[in-house]
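For reference, the structure discussed in these notes is given below.
Nothing fancy with the numbering, it's 1 onward along the sequence.
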Amino acid sequence: MTAASRAGAFKLGSLAVNRMGYGAMQLAGPHVFGPPKDRAAAVAVLRAAIESGVNHLDTSDFYGPHVTNQIIREALHPYRDDLVIVTKVGAKRGEDAGWLPATSPQELQSAVHDNLRNLGLDVMDVVNLRLMFNPMGPAEGDVEPLLAPLVMLRDQGLIRHIGLSNATPAQVAQARSLTDIVCVQNMYNLAHRENDALVDSLAQAGIAYVPFFPLGGFSPLQSSILNDVAAQHEATPMQVALAWLLQRSPNILLIPGTSSVKHLKQNIASVGLTLAAEAIQALDGIGVTKQ
């Protein structure tokens, strides 16, 4: 058993992955734009992740842009048979490093082909549609015209599975009425629990939920509680936050990102951390659940 596999596995459609994965966003330059300061270090982190048993890699060709996928190819190609690479489309980078919608049929199709080319793949395992009705957070809007190009590419054999990112519960329901959705990737952590009901409903349907920003937006009081629990368990706050997510629901898949091998190993070690009942109770009180 590898370090990353100790948390168990869950399926992305037909593809089984360890619940502890890796997000490659931080491998690009500052603000996820341009090349990294140390490309060799980025390659080393990716190889260390795979050696630790990570077989779920989250990326996008708009990280950089293109930079992250090209580093992944340099570090890991030819890929291990059990490695599942998940990407996102629906956004692009402006010259000022801004995040812009890219949701026309032509842009979505081009983005999938960009991912395939830069990763050196013939087919993408999972493509998440990043909804950009509001780049800062989920906002209502019709997903049907955005899904149609991805469904066509899936029917052509260029995509195995489709997921959603930055989606509202209503959009998840609409998308599921149109096609199979294997995962939802939204912001969710101890302090931001707006998706509590969505996590549970997806678990019942056997659909993965992939939270990002596991330590985003904590108040000083919330951070104090997290720090106290971490001290009690002789762990870091990040390890506690990740362990809480793993214990929250079996359909949660983690993709913490880092450009440091040391931090990577700390993140993966969180799969061996079991939080005491009193700790869970204290941590549960940090967030406000919204239905």
Exercise: identify the closest heavy-atom pair between Asn128 and Gly163: OD1-CA, 3.1 Å
Tell me, do Met238 and Ser270 make a side-chain contact under 4.5 Å, heavy atoms counted? no
Identify the heavy atoms of Arg93 and Gly64 that sit nearest to each other, and give their distance. NH1-N, 4.3 Å
If only side-chain N and O atoms count, and only distance matters, is there a donor-acceptor pair under 3.5 Å linking Tyr188 with Asp196? yes
Minimum-distance pair of heavy atoms, taken over all atoms of Leu273 and Gln247: O-OE1, 3.6 Å
Between Phe212 and Met187 the two heavy atoms that sit nearest each other are CZ-N, 3.4 Å
Donor-acceptor contact below 3.5 Å, side chain Ser52 vs main chain Ala4: no
If you measure only the distance, is there a donor-acceptor pair under 3.5 Å linking the side chains of Arg130 and Ser60? no
Between Ser177 and Gln174, does any side-chain donor sit less than 3.5 Å from a side-chain acceptor? no
For a quick check under 3.5 Å, do Ser259 and Gln26 share a side-chain donor-acceptor pair by atom type? no
Kindly say whether Pro220 contributes a backbone atom to a donor-acceptor pair with the side chain of Ser224 at under 3.5 angstrom? no
Whether His77 side chain and Gly120 backbone form a donor-acceptor pair below 3.5 Å: yes
CG (Asp180) with more than 12 external heavy atoms under 6.0 Å: no
Is a side-chain N or O of Tyr22 found less than 3.5 angstrom from the main chain of Asn55, in a donor-acceptor match? no
Is it the case that the side chain of Asn18 and the backbone of Met20 share a donor-acceptor pair, with hydrogens and angles ignored and the cut-off at 3.5 Å? no
Residues Asp142 and Gln171: side-chain donor-acceptor under 3.5 angstrom: no
Taking atom CZ of Arg6 as the centre, does the number of heavy atoms from other residues, nucleotides or ligands within less than 6.0 Å exceed 12? no
Lys/Arg N to Asp/Glu carboxylate O, Asp58 vs Lys88, below 4.0 Å: yes
Does Glu234, at its CD atom, have more than 12 non-hydrogen atoms belonging to other residues, nucleotides or ligands within less than 6.0 Å? no
Do the side chain of Asn189 and the main chain of Gly216 share a donor and acceptor less than 3.5 angstrom apart? yes
Would you say that more than 12 heavy atoms from the other residues, nucleotides or ligands in this model lie under 6.0 Å from the CG of Asp155, or not? yes
Contact check, side chains of Val182 and Ile207, non-hydrogen atoms, under 4.5 Å: no
With the side chain counted from C-beta on, respond yes when Phe33 and Val67 share a heavy-atom pair under 4.5 Å apart, and no when they do not. no
Do side-chain atoms of Ser5 reach the backbone of Met1 as a donor and acceptor pair under 3.5 angstrom? no
Taking CZ in Arg39 as the centre, count heavy atoms belonging to other residues, nucleotides or ligands within less than 6.0 Å. Is the count above 12? yes
For the residue pair Val86 and Thr59, establish whether any side-chain heavy-atom pair is separated by less than 4.5 Å. no
Which of these, Asn118, Asn115, Asp114, sits in a side chain to side chain donor-acceptor pair (under 3.5 Å) with Asn69? Asn115
Glu107 side chain vs Ser104 backbone, donor-acceptor pair below 3.5 Å: yes
For the residue pair Ile162 and Val127, establish whether any side-chain heavy-atom pair is separated by less than 4.5 Å. no
Does Val89 reach the side chain of Leu150, with side-chain heavy atoms less than 4.5 Å apart? yes
Less than 4.5 Å apart, side chain to side chain, heavy atoms only: is that true for Phe133 and Leu146? yes
I need the minimum non-hydrogen distance between Ser201 and Leu198, along with the two atoms involved. OG-O, 3.0 Å
Does His233 reach the main-chain N or O of Ala276 with its side chain, forming a donor-acceptor pair under 3.5 Å? yes
Could you tell me whether the side chain of Gln266 and the main chain of Thr236 form a donor-acceptor pair under 3.5 Å? no
If you compare all heavy atoms of Cys183 against all heavy atoms of Leu12, which two are closest, and at what distance to 0.1 Å? CB-CD2, 3.6 Å
Do His161 and Asp125 have side chains that get closer than 4.5 Å, going by heavy atoms? no
